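Notes follow the structure.
Each residue takes its place number in the sequence, starting with 1. Just follow the structure's listing: the first ligand is 1, and inside any ligand the first atom is 1. All figures in this text were calculated on a predicted structure; none of them were measured in a lab.
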Amino acid sequence: MSSLNGDVSQNGNTRNMDSLFTVAEIEEVDFSKLLDRPKPLNIERQRSFDERSLSELSVGFSPRLSARHPENSLRNYDPHEYLFSPCSRRSVISCTPRSQVGFEPHPMVAEAWENLRRSLVFFRGQPVGTIAATDTSDEKLNYDQVFVRDFVPSALAFLMNGEPEIVKNFILKTLRLQSWEKKIDRFQLGEGVMPASFKVLHDPVRNTETLMADFGESAIGRVAPVDSGFWWIILLRAYTKSTGDTSLAERPECQKGMRLILSLCLSEGFDTFPTLLCADGCCMIDRRMGVYGYPIEIQALFFMALRCALLLLNKDDEGKEFIERIVKRLHALSYHMRSYFWLDFKQLNDIYRYKTEEYSHTAVNKFNVIPDSLPDWVFDFMPTHGGYFIGNVSPARMDFRWFCLGNCIAILSSLATPEQSMAIMDLIESRWEELAGEMPLKVCYPAIDSHEWRIETGSDPKNTRWSYHNGGSWPVLLWLLTAACIKTGRPQIARRAIELAESRLQKDNWPEYYDGKCGRYVGKQARKFQTWSIAGYLVAKMMLEDPSHLGMIALEEDKQMKPAMRRSNSWTC
Ligand code: GLC
């Protein structure tokens, strides 16, 4: 099927791999260590959309050529790894996945597509989303709803399969929900708030259908879905990028929806930091888990949504005003995150030796972190080469836990510098047993236990150590890992993770999460046929098969946002 010069032929379509490579753009002197690296793979799909962007550069992965990672070298590049298959437009209801000529699809793929289609939710005859879980054996709670965050991998799977209609419908329906008057008891929520989830109500007597949304007023713990608005903007950009259809984003109602979300998160207040202050449980981890304050997941999504909005906002008077505010915030946010959330061996050693009670702008220990608050585990967890964005930073508080989603989104959005992205992947490789174990991937590491568990979770029996949000393993995270792997030129890591998932997922009926230190046991209260476990697997498979899909969910480094500072050698080694 493919020849050594990179020609890949499928269904009679021949595409030359060479045309996908562009010359690496190496801007800074410190990047000289990367000079030996292979040319990045240009994964752009829709030029038309890019050309109108302010600052987006061509998206490419820049594999580093390193002695420790010879597999990144194009000299070892296996063109079979990146088989391309044509994208065909198909009907949402009836079709099966694209045929993969010359590429024996895993038997799980067909079953996954069947299950994904079974999860479709229709409103007045049109598909508008996918239900969280089709498991009928357990109490429904709100798993019979379409969650905004859960729909993202489903949407990506449909976009990658050439089925954008459902994504467009979803974007427009949730936009309508945003304009509802939202109240919790007597308190009116912000205009821009997007729902956590919605469902379709059928009235058999009147034979009508209506939508019902949940903005947190029914959610367990009344948690605020801060991530929904960010995912909505990210999805709008993915749709635009993947289809080349700019007309959806340009619609006045979409522009307004975006501006309302942005008004909420760019508003001025008493803050001393550019990061976004949140209550606990306002994202994928939607229960009390000590993720209040400035959780990495929200900061990374915030950054990515701002960058996507920059590409999508019309350059009219209203749009321009937001563009200016976004540019300023992005500069401050990237500086803050890259400087203060970043942890590697050198930085850890510096914190360990911090002095406290420093006053004035010359303070080194700016947040007055007490070295005694450093947890024991972090010293063993930190590899010599590698690093990550820690969970949270605020006065006298650093949450050193590693969170998967935030770190992967940091790579995909280029919040992480190229060196930081590589370091995050180095850490994942070095700590594979801990983070992937028997089922990828830990939502966070490590688990909290005993006194800490009582204090942080409020003695939550669902979040006992190594279960659910407390160090549980979530198959949905496979797509984020795979995307990060492709962006950093390390597809072999994704392949290893996918193999692990393939040994269990189908047999176990696609659980929501796994429990245990190694993720060996199906989660205590895990739903079966969890849609984002299914879609996450499909997206991971499709991206590995055709890495050009990455373009819809990744942004290249913005050269205007220079790395804040160089903290340690492990960034560049
Ligand atoms: C759980 C998860 C949340 C997800 C929801 C629906 O509450 O914590 O992230 O959106 O289930 O699957």
Check: Going by the atom numbers of ligand 1, which of them fall below 4.0 Å from some non-hydrogen atom of Tyr468?
Finding: 1 (C), 2 (C), 7 (O), 8 (O)
Check: With only distance considered, is Trp532 within less than 3.5 Å of ligand 1 through an N or O on each side?
Finding: no
Next item on the list: Have a look at Trp402 and tell me which of Val443, Val378, Asn407 forms a side-chain contact (heavy atoms from CB on, under 4.5 Å) with it.
Entry: Asn407
Check: Side chains of Ser414 and Lys487: donor-acceptor distance under 3.5 Å anywhere?
Finding: yes
Next item on the list: From the options Trp479, Tyr537, Trp510, Tyr468, select the one residue that forms a ring-ring contact (aromatic ring centres under 6.0 Å, His included) with Trp474.
Entry: Tyr468
Note to self: Looking at Phe187, is its backbone amide N or carbonyl O close enough to the side chain of Asp185 to form a donor-acceptor pair, meaning the two atoms are under 3.5 Å apart?
What the structure shows: no
Checklist line | Electrostatic pair Asp460-Arg288, nearest N-O below 4.0 angstrom | finding: no
Next item on the list: Answer with side chain, backbone, both or neither: which part of Arg287 has a heavy atom less than 4.0 angstrom from an atom of ligand 1?
Entry: neither
Margin query: By the definition ring-ring contact (aromatic ring centres under 6.0 Å, His included), identify the one residue from Trp342, Phe303, Phe341 that meets it with Phe389.
Written below: Trp342
Margin query: Tell me the contacting part of Arg527 for ligand 1: side chain, backbone, both, or neither, using a 4.0 Å heavy-atom threshold, strictly below.
Written below: neither
Next item on the list: Taking only heavy atoms of Tyr143 into account, list the atoms of ligand 1 that are under 4.0 Å away from them.
Entry: 1 (C), 11 (O), 12 (O)
Next item on the list: Please could you name the atoms of ligand 1 that Gln530 approaches to less than 4.0 Å, counting only its heavy atoms?
Entry: 12 (O)
Next item on the list: Give the atoms of ligand 1, by number and element, whose distance to some non-hydrogen atom of Glu512 is under 4.0 Å.
Entry: 1 (C), 11 (O)
Next item on the list: Please identify which atoms of ligand 1 are closer than 4.0 Å to at least one heavy atom of Met284.
Entry: 2 (C), 3 (C), 8 (O), 9 (O)
Check: Can you find an N/O atom of Asp286 closer than 3.5 Å to an N/O atom of ligand 1?
Finding: yes
Notebook entry, point to check: Looking just at side-chain N and O atoms, do Glu111 and Asn115 make a donor-acceptor pair shorter than 3.5 Å?
Noted result: yes
Margin query: Checking a contact table here: which protein heavy atom is nearest atom 4 (C) of ligand 1, and how many Å away?
Written below: Asp150 OD1, 3.4 Å
